[in-house]
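All remarks here apply to the structure that follows.
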Amino acid sequence: MEQNVFHHAFSVDKSVCIGCTHCMKVCPTQAIRVRNGKAEVMPERCIDCGECYRVCPVHAFRIGEDDLSDIIQFPVKVALLPAVFTGQFPDDISTDRIYQAIHQLGFSHVHEVEQSVDFLKEKTLQYQISDDESPHISSFCPAIVRLIQIRFPSLTDNIIRLRVPHDLTAELIKNDFIKEGYKDSEIGIFYITPCAAKIAAVKSPVGEDKSVINGVINMDSLYNKVMALIKKEDKTSSAQHRTHLGADAITWSLTNGESKHAHGRALAIDGIKNVSEFLEKIENEEITDVDFLELRACDESCAGGILCTSNRFLTAERLQKRARKSELANRDSDLTGENNPEANRFLEQKMTLEHIEPRPIRLDIEIGTALKKIERIRELMCFLPGFDCGACGAPDCRALAEDIVQKKANVSDCVFMQHNNLLDREHAQRIIYKIWGEEALNKDCSKKGAKNEGN
Amino acid sequence: MHLKYKIQGGNFSKAGFASSEVKKILRQLSIEPKTIKRLVVALYEGEVNIVAHAYNGLITVDIDTEKVTVTLKDNGPGIPDIDKAMEQGYSTASAAVREMGFGAGMGLPNMKKNTDEMTIKSVVNEGTEVIFINYI
Ligand SMILES: Nc1ncnc2c1ncn2[C@@H]1O[C@H](COP(=O)(O)OP(=O)(O)OP(=O)(O)O)[C@@H](O)[C@H]1O
Ligand code: SF4
Ligand SMILES: [Mg+2]
């Protein structure tokens, strides 16, 4: 069963938010409004893609994470690293050294997320043959899964119901420790996340009851801790700490990482705007002849995750280099692949996702009422100016019309309607204050672009 | 809800506008995707027929809680033999229309298949009126 309350990693630090319109304008599900001079996020619409975080000029968005000290309670402390993590570091720091530093921080074991990719690659191909909801859409990026549930509900059945690498690898690791005699409660698996979407996916998973992951650590904070250690000490490591990852596994989370293995006509699209635009065409059946879609919210896929510290193009390049080296070594990943039939059999029991629910934004559950509301919106649009200026605290005129119909806003929230309806000055001012806060229109020379900027 | 769309004969670039607008509205009502698809296919064929065969037309769409009623009325040459026009593969489309990929004589049969009720009235040299109903 899916939960009705969605966990979001994001929160707005109201003491920092200056109440501009940047985040509101880029949100792909129109989940943000400005009220009392601060951004407010509607939890039922937010898909944790992080576009707001990226554009915020004052860094007012906060991303929650679990405490690194939480790992102490578990005898087995596993850090589950996505391959992009190793791509964050300068070339002169070896992967072994990075692993060693993570051990120094208290983890007893370090594994890479993509250990299950060889398995998943095979299963995806089989899925494409056995299921006929084409095009098949990868379930990899949780922001995309949520985008489809909310904005493209008719395409939810197209999402491949296979679990993602971090879940499969976590299952496998847990099972190995259980075989060694540990109890489930003694094994703590901590996922190092490149993005907020993955945090949401762990905390309120789609298509499964509960995640196997015990905690989530943000990649930027682990990076800083690892770098602090390495700076103090040696850059190289004497021992070999890492497990091997095959070339396909290393590049899986990059753009084209999945699509290049899929059957038929397979496309890779990154960037949430590009994805939305493409899904629109798929839903309208303007595009029909594709078989597989790898869709990722971030430009350059996970190399562009909002918690990545390094430049996304450099990260992608480093991973490509690492993949080439691995290819030359000609080895599979250590945990799955052809040499691990037992692991593959185990994962087969664990690989399937339950039904993925559509979650459309409805004007009303009662169709007659919904019809009336649509009519009213169309009528309101005759009067609203269509400038999409955002001064009403909604991302565009159409969103304001919707809010009005849903009784969350008023016609006079539009400054042009205030003018048209000859609202008296005080009344108009009260409305502006309600949306933008009482200080918003005061003279302030320290704001961005003003003569004393930053003072 | 009552919707109206004017259609201009010969203007293929705008054919499909009415059907995509109606689709957007039906989606907001969270109607079953398969139901939406049938209606949109039928409406699109009707739109194209006015553009391809008539001079100008008006489409009205009425949506209530149970059904969608679509009326496609045009000024045009009319259809002399409606039964014949309903046959698969029958077409009088001009060479220019065929060049644009239409004129396979599949439109009216496809409309019939994708609607719950459909009637055609036509007067030669005056025009044609197609009315269909789909239950939602
Ligand atoms: N609105 C109309 N006015 C006049 N004639 C029409 C109209 N609609 C259909 N017809 C006649 O009926 C014939 C069959 O229509 P139908 O839609 O089945 O095929 P088509 O339009 O010729 O080709 P297709 O729809 O496959 O592109 C047309 O060729 C035309 O002679
Ligand atoms: S592309 Fe990767 S980093 Fe970006 S939201 Fe999706 S899973 Fe997270
Ligand atoms: Mg036709």
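A quick note: this is a predicted structure, and the numbers were derived from the prediction, not measured.
- Residues of residues 365-389 of chain A placed with any heavy atom under 4.5 Å of a heavy atom in chain B are listed by number as A/Ile367, A/Gly368, A/Ala370, A/Leu371, A/Ile374, A/Glu375, A/Arg378.
- Interface remark: B/Lys37 contributes side-chain atoms only to the contact with chain A (heavy atom separation under 4.5 Å).
- When the shell of 6.0 Å around CD of A/Glu286 is examined, it contains more than 12 heavy atoms from other residues, nucleotides or ligands.
- Heavy-atom neighbours of A/Lys123 NZ from other residues, nucleotides or ligands within 6.0 Å: above the threshold of 12.
- Annotation for A/Gln126: atom CD counts as buried by contact number, over 12 foreign heavy atoms lying within 6.0 Å.
- If you tally non-hydrogen atom pairs under 4.5 Å between each of B/Lys23, B/Gln28, B/Arg27 and chain A, the highest count goes to B/Arg27.
- The number of heavy atoms from other shown groups lying within 6.0 Å of CD (A/Glu133) is above 12.
- Neither the backbone nor the side chain of B/Ile36 has a heavy atom closer than 4.5 Å to any heavy atom of chain A.
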